[in-house]
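Sharing a structure below in structure tokens format, with a few things to ask.
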Amino acid sequence: MSWQRKHGRQHLPWQGTQNPYRIWLSEIMLQQTQVATVIGYYQRFLERFPDIQALAQASQDEVMPYWAGLGYYARARNLHRCAQAICQDWGGKFPSCSQDIATLPGIGRSTAAAIAAFCFRERSPIMDGNVKRVFTRYFGIEGVTSERSTEQRLWHTAEAVLDAAPHNLDMTAYTQGLMDLGSQCCTRSRPACTSCPVQNTCYAHMHGRQHELPTPKKKKASPERQCRMLIARHADHILLEQQASPGIWGGLWSLPKYDSDEDLQTACYRWGSREASAQKMAGMIHVFTHFRLHIEPWYVINNTPQLAEPDPAQRWVAIDDLRNAALPAPVRKILEGLFPASFAPVDNG
DNA sequence: AAGTCGTGGGC
DNA sequence: TGCCCAAGACT
């Protein structure tokens, strides 16, 4: 606790508040996502949806643009569902114990404990990547941390530590301190043990095993996938297609994509001018957690006077509105390369 | 238990 | 460059 107050992080946008809405939003955004990446998204989201009622009253399509680019879009869909559940089933007030919080969509045990600790001072342990690293090293806990037996030992250890802690424990400083320790001292590579407040009693430090803990997980080869994306332009509009959920980019608006050249051909004929041929653009590889996607963008311009009726999940979007659309990161990159002026920050000078 | 689900930073 | 992994949850 004292180390956290002196050396830990104090001024992150979600610190210094016990507002459950703000804490909850930060915890969801921070799942598998680095702090520096989250900050901008967090502030933009709060400006647009200042409280849980504003979020619950919005449609999912209004929410997704504020999550686009952050990844793991089920988080945004669950966030929206959760806001509605709290407004309908909990009178618009966040439940105040972690067991109740963990029943809400998108909130597991660790996130529930974090919310309960920061907002309601509940003495429940969290178990995120930082804490796993600190605990496996400090207590010498072997085994891949994602395996259930290891995970159970970690939770039991975290509970035992809290049980043995003094009753005046400051749960905010304690919880934040464990994460700060993990992110500032007990880092994955080259941990800064000399500045660690508990180095003298740390198993890994005493045995020189920092680099062996946590036990590395053996990786699996990620398969290669490929697709063609169609950039169909009609005057100042581009055809976008909403992605199904669950699924990759579920809820986002992507370019229509095709698995085969034949399907692409058919689409070009339908969405482009009959006589104009599509133009192949520079390809790119987008890396996901569990596969690599080779994207082949094709550009076709429709010169016919009539705007073709899009399919149910499709929309013609004005090029100047693309910046506000819920685009997947690589799709944004492609369209930004094609229409840089439409994505450029507003110049007020 | 193993897959699914994004994107970007750090080394 | 390739690889690991981040304030994980859900199926």
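Naming convention: chains lettered A, B, ... in sequence-line order (proteins, then strands); numbering from 1 in each chain. Any value given below was found using the heavy atoms of this structure, including those in side chains, with hydrogens, waters and symmetry copies removed.
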When you compare C/dC4 with B/dG3, how far apart are their P atoms, in angstrom units rounded to a whole number? 16 Å

Where at least one partner belongs to residues 81-135 of chain A, residue pairs that pass ring pair (Phe, Tyr, Trp, His ring centres under 6.0 Å), sequence neighbours excluded: A/Trp24-A/Phe94, A/Phe135-A/Phe139

With a sphere of 6.0 Å drawn around CD of A/Gln314, does it hold more than 12 non-hydrogen atoms of other residues, nucleotides or ligands? yes

Comparing nearest nucleotides in DNA chain C, the 5'-proximal residue of the pair A/Arg292, A/Leu30 is A/Arg292

For a quick check of understanding: with a heavy-atom distance under 4.0 Å over all strands, which category does A/Val38 fall into, base, sugar-phosphate or nothing? nothing

Rounded distance (Å) that lies between atom P of C/dA7 and atom CZ of A/Arg9: 7 Å

Could you tell me whether A/Lys132 contacts a base, only the sugar-phosphate backbone, or nothing, with contacts defined as non-hydrogen atoms closer than 4.0 Å? nothing

Verify the ring-centre separation between A/Phe45 and A/Tyr41: is it less than 6.0 angstrom? no

Pick base, sugar-phosphate or nothing for A/Trp24, based on heavy-atom distances below 4.0 Å to the nucleic acid. nothing

Using the P atom as the point on both nucleotides, what is the distance between C/dA9 and B/dG8, in whole Å? 22 Å

Whole angstrom is fine here: how far is it from OH in A/Tyr72 over to P in C/dC5? 13 Å

For DNA chain B, which nucleotides open and close the run of contacts to chain A, 5' to 3', at under 4.0 angstrom from a non-hydrogen atom? B/dA1 to B/dC11

Heavy-atom nearest nucleotide on DNA chain B taken for A/Arg148 and for A/Pro330; more 5' hit belongs to A/Arg148

Could you tell me whether a side-chain N or O of A/Ser26 sits under 3.5 Å from a main-chain N or O of A/Trp14, the two making a donor and an acceptor? no

Could you check whether A/Val131 gets within reach of a base, just the sugar-phosphate, or nothing at all, counting any heavy atom under 4.0 Å? nothing

Within the modelled atom types, does a donor on one side and an acceptor on the other bring the side chain of A/Arg188 and the base of C/dC4 under 3.5 Å apart? yes

Which whole number of Å gives the distance between the C1' atom of B/dG6 and that of C/dC5? 13 Å

B/dC5 to C/dA6 separation - C1' atoms, rounded to the nearest Å: 14 Å

Looking at A/Gln31, I'd like to know whether one of its side-chain N or O atoms comes within less than 4.0 Å of OP1 or OP2 on C/dG8. no

Taking only the side-chain nitrogens and oxygens of A/Arg75, find out if one of them lies under 4.0 Å from OP1 or OP2 of C/dC10. no

Ignoring hydrogens and geometry beyond distance, is a side-chain donor-acceptor pair present between A/Thr111 and A/Gln31 at under 3.5 Å? yes

Any base atoms under 4.0 Å from A/Lys217, or only sugar-phosphate, or nothing? Heavy atoms, all strands. nothing

Go through the side-chain N and O atoms of A/Arg137 and A/Tyr203 and say whether any donor and acceptor fall under 3.5 Å apart. no

What contact category does A/Thr289 fall into here, base, sugar-phosphate, or nothing, at under 4.0 angstrom with non-hydrogen atoms? base

Of A/Ala329 and A/Arg190, whose closest DNA chain B nucleotide lies nearer the 5' terminus? A/Ala329

Relative to each other, are the rings of A/His286 and A/Phe288 parallel, tilted or perpendicular (30° and 60° limits)? perpendicular

